[in-house]
Amino acid sequence: MKIRSECTCPLEITHDILKGKWKTVILWQLKYHGKASLSQLERDIKGISQKMLLEQLKELKKFGLVDKKTFQGYPLKVEYFLTNNRGQKIIKALEIMQEVGKEYLNECNENIDTN
């Protein structure tokens, strides 16, 4: 994941951090679960491969939105969670995005019903 070196607006940086098919969905699942294992995230996010999930989690961790805790023992146990600063903060934006999506779906369903 590459962040642009020059920008005209801080929103461009946020876009670079979040762009992609899965990052917002991963963040939303971590909001829902609090802490989640890789297998739990993979099970709950339909259509994502383990390789893609690991790649996206690595990028989210790099930018300080997600962190992980590794537990000793066998089998290896790792939990992913939102960070207290950026991770929790970005959820506010995702909640607004979720609401806009719900409104749009409701409007689409109303237009289908009336046609």
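In this structure, His15 and Leu11 have side chains that are not in contact, with every pair of non-hydrogen atoms separated by 4.5 Å or more. Between Leu18 and Leu65 the shortest side-chain heavy-atom distance falls below 4.5 Å. Counting heavy atoms from C-beta outward, Leu38 and Val78 have side chains that stay 4.5 Å or more apart. With a 4.5 Å cut-off on side-chain heavy atoms, Lys31 and Glu95 count as touching.
The shortest non-hydrogen separation linking Gln88 to Asn84 is CB-O, 3.5 Å. Glu42 and Ile48 get closest at one heavy-atom pair: CG-O, 4.3 Å. The shortest non-hydrogen separation linking Phe81 to Lys35 is CB-CG, 3.9 Å. The two residues His33 and Ala36 come nearest to each other via the heavy atoms CB-CB, 4.1 Å.
Counting only distance, with no hydrogens or angles, the side chain of Lys46 and the backbone of Arg43 share a donor-acceptor pair below 3.5 Å. No donor-acceptor pair under 3.5 Å is formed between the side chain of Lys61 and the backbone N or O of Lys68.
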Check the pair Glu55, Trp22 against side-chain contact (heavy atoms from CB on, under 4.5 Å), reporting the backbone distance first and the verdict last. CA-CA 10 Å; Glu55 183 179 308; Trp22 301 109; over 6 Å; no
The test is side-chain contact (heavy atoms from CB on, under 4.5 Å); show your working for Leu30 and Leu41 and say whether it passes. CA-CA 8 Å; Leu30 289 174; Leu41 289 170; 4.1 Å; yes
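Summarising the geometry, atom CE belonging to Met97 is positioned 10.0 Å from atom CG belonging to Leu27; distances are rounded to the nearest 0.5 Å. The distance from atom CG of Leu82 to atom CD1 of Ile90, rounded to the nearest 0.5 Å, is 10.5 Å. How far CD of Gln98 is from OG1 of Thr24: 9.5 Å, rounded to the nearest 0.5 Å. Atoms CD and CG, on Glu107 and Leu105 in that order, are 9.5 Å from each other to the nearest 0.5 Å. Note that NZ of Lys19 is 9.5 Å distant from CD of Glu59, once rounded to the nearest 0.5 Å. Between the CD atom in Gln56 and the CD1 atom in Ile45 there is a gap of 9.5 Å [rounded to 0.5 Å].
If you chain together hydrophobic residues whose side chains sit under 4.5 Å apart, Trp28 and Ile96 never meet in one group.
For Phe71, the CZ atom sits in a packed shell: over 12 heavy atoms of surrounding residues, nucleotides or ligands are nearer than 6.0 Å.
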